[in-house]
Structure formats: C-alpha cells, structure tokens
2 protein chains.
Amino acid sequence: MNQSGMRGDRHLPPTDPPSLAERIRLDMESFTPSEKRAAHLLLSHYPFAGLDTVAEFASRAGISAPSVLRFVTRLGFGGFPDFQKHLREELEAQLLSPLAKASPSDKGQGAPALASFAEAVIGNLKATVENIAPAEFEAVVALLSDQRRHIHFTGGRFTGALARYAESHFRIVRSHVDFIEGQPALWRDRMIEIGRKDVIVAFDIRRYQEDVTALCETAAKQGATVVLLTDPWLSPIARVARHVLPAHIVAPSNWDSSAGLLLLTEALVATVTKRLWETAKPRMETVERLRNERS
Amino acid sequence: MNQSGMRGDRHLPPTDPPSLAERIRLDMESFTPSEKRAAHLLLSHYPFAGLDTVAEFASRAGISAPSVLRFVTRLGFGGFPDFQKHLREELEAQLLSPLAKASPSDKGQGAPALASFAEAVIGNLKATVENIAPAEFEAVVALLSDQRRHIHFTGGRFTGALARYAESHFRIVRSHVDFIEGQPALWRDRMIEIGRKDVIVAFDIRRYQEDVTALCETAAKQGATVVLLTDPWLSPIARVARHVLPAHIVAPSNWDSSAGLLLLTEALVATVTKRLWETAKPRMETVERLRNERS
DNA sequence: CAAAAGCTGTATCAGAAATTTCAGAACCTG
DNA sequence: CAGGTTCTGAAATTTCTGATACAGCTTTTG
C-alpha cells in the first residue's frame, strides 16, 4: 500500500524551509562555470552578497553583470529585484524565528561525513584551548618573540607538514628561522651548531617517531630549549621539553586530526607577529616587494 | 601635520555596537512629524523596512518620498543607498557574530588571544562546512577514490605545506600519489606525462601564486582534471578547475587561517580511506611493517 | 577535424529609482 | 490675525541600475 510513502519519507527533508542556499548547493553541478562563481560567492556570504547591486555582485564574483542576471534567472526568479526580495524575506523570516540555526542537516552522501567530521574537529579545538595553560602559551610566545634566538622547526612524517607551515610564516616575521628534516642523516651535521641560544619547536603525535625524539634529545643535551606540540598522551619528547602544548586529535577517521596543532601554530604566529610588529612589518613589506619584483 | 585624533568622528562611544536603531530612539524627539513616522516604521521592522525602495518605504510609512530622503539625510547619511548599505553591514555583522561577543581586546596576554583566535577559527570551520556543496565534496571523493587515476598535490608558499600533508596521507592509502613543487622549473619536465587520467589537487588562497596557476592551467590544457581548495574569493585557478571547495580563512591575525582547508583535507582523507578500505587496509599494514623493520 | 551548441563579456538601451526644485499648507509668533 | 518660519508633497530632473542584443570564444559532438 501507499508505495510512494515508503520511499518518500527518505527523500523529503524534514526541515521546514527549503532555503534558496540549499537549492543552490544541490544544483551546483548543473551550473556553468561563471554561474558557479556566482553561487560560491553568494553561499560564502549568504545572503548579504546578493543584496548589493548587480554590478557589485558581478565584480566581487569576478564575472560580468549579464552572467549574474542569467544566474538569477536560472534560479527561477523573474529578475534581480525579485531575487533580492526573496533574499530579504528569507532573511527576515530566519531572523525572526527563534532557533532556525542548527537545522541544515543535508541528506546527501558527502555532507554528513563532512559535517560530522567538522563537528568532531571543532570539539577538538575547544578541548585543546581549554587544556592549554595560559602561562605555557605565553611562555612559548615570549620564546619565539626573542629575536636573538634561533628557531628550528621539525616534525614527523605527517606533522612535518605543520612544521613547514609554521616555518614558512615565522621565516617572514623574523630572522633566524629554519626547518630541520626528521631524518637523522639530514641533521646530524647541523647539531654541532645547536646550543643554548637555539629553540627547537617539534611537532609529534602518536606513532611517535624515534628520529624526531632523537633529534630533540640531542638538541636538549646541548642546551637548546625544546618546545613540543603533541597530543594529550604526550610524545616522549616531553621529557626533555621546556614547554608542552597538547592538542586533541581524535576524529571519526582512521587518521588523527592535526587541526588542533594547526590552531596552536596559527595562534602562535598571530600573537608573535603582533608582538614583533615593529620589526615584522618592514620585513613583510620587503618580502612582498621582492615577490612582486620577481614577477 | 596629520595629528591623529583631530578628526571629528572620534567621539565613538566605548560601548561596542552604536546601533543605528539606538541613535534613532535617542533622537526621536528632534524629528519632525513625518520623520517620526519614518522612524517608527523603521524601528518596528528593523532593519528590513529600510531595505526596500524609497517609494515603498514612503508608502508604508504614509509619507512622501522626499520626507524619507530628508529623514536619512538628517541621520547623517549621504543618501538612501548609503543608508541601506549601513543597514546591511550592521545586519551582517550582527548575524555573523552571535558568538564573537568579546571584541578583539588586544590585551596582549596569551590566553585571551588564543581563545578568541580559536573562536574565529571555529566560526570559519562552520561557515566552510555550510557552504560546501555536498555534490561537490562527493565528486571530489569519487575522483580521489579512483585508483586508475594519478593524483598530484600542489600548493603555494604557505598552502604547499597542506598539499604535502594531504600527499603524505593519500600516499599511504593508495598508489599513484605525488607532490609537485610550485616552482615552474621543478614541474615543467613532468608535465609531459600529465594527461586525461591525472588529477591535480591545488591549494591556493589569496595572494594567489602565479606559478601554481600556471601549473594548473597547463595541466588542464592537457586534459587533466583540476580540483581546487581555495578561499571564498576563489583563486584564478577556479577558471580551469572541475571542482572547487572554498574555505573561510579570515582570522584576527595578520595572516589568513588555513584551518578550513585542513578540515577539508582531513575529511577527504577520512572519506576516501573508508571508501578504499579493502585495498587501503593491507597497504597501511604493509607500510607499518616496513617502518618497524627498519628500526 | 569541422560543424554545432553553449557560454561569456562588451556595448547599449530602457526604465526605474533617488534626488532636487518649488509651491502650497500648516504652524508658530507677536 | 498678519508675517514669517517650518514642514510637506507633487512634479521635474538626474543618476544609476537592471536588462538585452550581439559577437567572440570555448567546448562539445558527429
């Protein structure tokens, strides 16, 4: 009986308002390239991007005005004013309704995976922030803001990318910054130069890598200050580290998430940049100028 | 010259949002009768009543269009468009930061900086997830799960680290994975081998890098499929990209945050790993065994 | 590889919207 | 109640926006 009902309830979204944004996401495939640009712009600043003029919208999206018009026409509106009116009404309805926020549970295949993954990552970030001792964070900032010291970044097979990311930013903010490959053969020789004025910033999460540990132990033995970014179970490097910043890493995946480590890294970059602004600003301008000249 | 502080607009109240509505309430007495009607209409449906046309607003308020114009002029705006723009911006600011109550008070201490930074990053992640088209994400997963294709990762000076991060994971999950340096000299030769069966996954956010764009354009010209992870303003690579995944990147820093890109990367890794589990599992075990043997 | 179809931007136009002008109405003020 | 001031709206004016036609280009298809 009632066959339609059987499959129907699997497709009909239980959520009330068939938001325009949702429709756009679903139809994204059928759009032409420039329509996709318009769609992305609109979704990224939904719905405010659409409340400006056609010219403004087109300019921001990097397409021409007629393309914008064709876009809104394809969405089923009679014209741009119609489109704007819809956005305003939707916005008003949404703003006046009490919750309305947490609804958009998309049905598709990819979305739930992405959404739940994101949720887990966000949980990690919150937990990470709460478990960082302010004094510890501040101490690391002070260390990295000391221009007389040399800063060396290193990491394991996955976290090495984060170390590189950190290095590529700090290299611009201040001098005496470099990256050390994890393989012993690559750093054994350089260890002769590591001393009391050096800082090793190591990234290491579980499946702790022996070569990174060895590097840090050697450096510490020579008097270097070791800063460790790791997981809550603490890499063995913690034994020789002056400062430890742990991040939560568990995600619904076969892999650990490094988002917390990235958060700490970026927060350190941001804070140190502000603290060294007087000297960092001219450096950044110079770098920018050199880049432009080259091209 | 240029004595800061002389500017007239310095009398900003210490309280955060000097909402227009508040000002109108305070100045209500000084309005003329028809201006009061305009003010009441605006406040009763704030701010949506002001987003319509002058004629509409005048009609609803029961006054004439010129009276509306005089009203907004008296409020200090250069014209009706200015007035509307202000309303939109105020609305957007209010809607986008239901969390960001604490304004970026740069007290310099470490912990608040970390907390507010984390809040911004979390906001970015949420916005990123909401603006990703499920079909787009799914399409990319399918592409990266196709074992017959070759996957190449690349990125700019900062995002290159993310590309490496992605590569170091996918390399273990499946075969035919590599990393391409951004510098043209390093990839020109390899381009000869790029064809229809190749997939280029490019990371590129603003200050878009010309060499990465050139790489993708060349690859696309040879028939490769280009996947782009970028910011909401879309790297020029979007022109040749089959799929685009934009991530929000604005943070209270002099630098952009790549957390959204990392989230997408890790979500892709997690999903593809699950999909290829049959073949990925033995691969991962083998990798693990080889690592242990070596040490 | 050629033809067809589709997509996109430039140039242009029509029309609507905001703004100004100005004369009359309402309201004080003495 | 007359003179002056302020306020208001109809109509004229100007600005600017959204819409369209068309041609070049890219991609697809046979």
Side-chain angles (χ1 to χ4, degrees), chain A residues 27-42 47-88, chain B residues 27-42 47-88 195-196 213 216-226 234 236-244:
Chain A
D27 292 355
M28 185 66 78
E29 286 176 312
S30 68
F31 292 151
T32 70
S34 57
E35 282 171 349
K36 276 187 188 171
R37 292 187 141 205
H40 279 303
L41 172 66
L42 180 59
F48 301 98
L51 295 178
D52 261 302
T53 66
V54 168
E56 181 73 15
F57 187 90
S59 163
R60 284 212 226 175
I63 59 179
S64 70
S67 293
V68 175
L69 272 298
R70 284 186 283 263
F71 174 63
V72 302
T73 300
R74 168 174 290 229
L75 290 177
F77 296 101
F80 200 74
D82 270 17
F83 168 69
Q84 288 191 321
K85 191 180 174 197
H86 178 91
L87 288 182
R88 283 202 308 268
Chain B
D27 294 355
M28 184 65 80
E29 293 171 14
S30 69
F31 292 151
T32 71
S34 58
E35 282 170 351
K36 279 184 186 170
R37 303 187 79 170
H40 279 128
L41 173 66
L42 179 58
F48 301 99
L51 295 178
D52 263 303
T53 67
V54 169
E56 181 73 15
F57 187 91
S59 162
R60 286 213 228 172
I63 58 179
S64 71
S67 293
V68 174
L69 270 298
R70 281 187 284 264
F71 173 63
V72 302
T73 300
R74 165 173 295 225
L75 290 177
F77 297 100
F80 200 75
D82 271 16
F83 168 70
Q84 288 191 321
K85 191 180 175 200
H86 177 91
L87 288 181
R88 284 201 307 267
R196 300 196 180 281
T213 304
C216 291
E217 283 173 349
T218 304
K221 201 163 292 174
Q222 303 205 15
T225 303
V226 175
L234 300 191
I237 296 173
R239 299 183 66 89
V240 299
R242 181 79 56 89
H243 302 292
V244 178

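The chains referred to below are lettered A, B, ... by the order of the sequence lines, with proteins before strands, and numbering in each begins at 1.
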Item to check | Heavy-atom donor-acceptor pair, B:Gln222 side chain to B:Gly195 backbone, under 3.5 Å | outcome: no
Item to check | Proximity to the side chain of B:Thr32 - top-ranked nucleotide from D:dG18, D:dC7, C:dT19 | outcome: D:dC7
Checklist entry - Separation of B:Phe80 atom CZ from C:dA16 atom P, in whole Å? => result 18 Å
Item to check | Protein-nucleotide distance (A:Lys36, atom NZ; C:dC7, atom C1'), rounded to Å | outcome: 13 Å
Item to check | Distance, nearest 0.5 Å, that separates CE of B:Met28 from CD of B:Glu35 | outcome: 10.5 Å
Checklist entry - Expressed in angstrom and rounded to an integer, what is the separation of B:Leu69 atom CG from D:dG9 atom C1'? => result 12 Å
Item to check | Atom-pair distance (CZ on B:Arg242; P on D:dT28), nearest Å | outcome: 8 Å
Item to check | DNA chain C-proximal residues of residues 60-68 of chain B, any heavy atom under 4.0 Å | outcome: B:Pro66
Checklist entry - Among D:dG9, D:dG18, C:dA17, which nucleotide sits nearest the side chain of B:Thr53? => result C:dA17
Checklist entry - Whole Å only: how far is the CZ atom of A:Phe77 from the C1' atom of D:dG18? => result 16 Å
Next on the checklist: salt bridge (charged side-chain N to carboxylate O under 4.0 Å, His left out) for A:Glu56 and A:Arg60? Distances and angles first, verdict last.
Outcome noted: CA-CA 6 Å; A:Glu56 181 73 15; A:Arg60 284 212 226 175; 3.5 Å; yes
Checklist outcome for this item: Among D:dG9, C:dA18, D:dG18, the one nearest any side-chain atom of B:Val54 is C:dA18
Checklist entry - Within this structure, what is the CZ-to-P distance between B:Phe57 and C:dT19, rounded to whole angstrom? => result 13 Å
Checklist entry - Is the B:Phe57 ring parallel, tilted or perpendicular to the B:Phe71 ring (thresholds 30°, 60°)? => result parallel
Checklist outcome for this item: B:Ser34 meets the side chain to side chain donor-acceptor pair (under 3.5 Å) criterion, sequence neighbours left out, with none
Checklist entry - Roughly how far apart are A:Leu42 CG and A:Phe48 CZ, rounded to 0.5 Å? => result 11.5 Å
Item to check | Euclidean distance, atom CZ of residue A:Arg74 to atom P of C:dT8 [Å, nearest integer] | outcome: 9 Å
Checklist entry - What is the distance, rounded to the nearest whole Å, between atom CZ of A:Arg70 and atom P of C:dG6? => result 14 Å
Checklist outcome for this item: Between the OG1 atom in B:Thr32 and the CZ atom in B:Arg70, the distance rounded to the nearest 0.5 Å is 8.0 Å
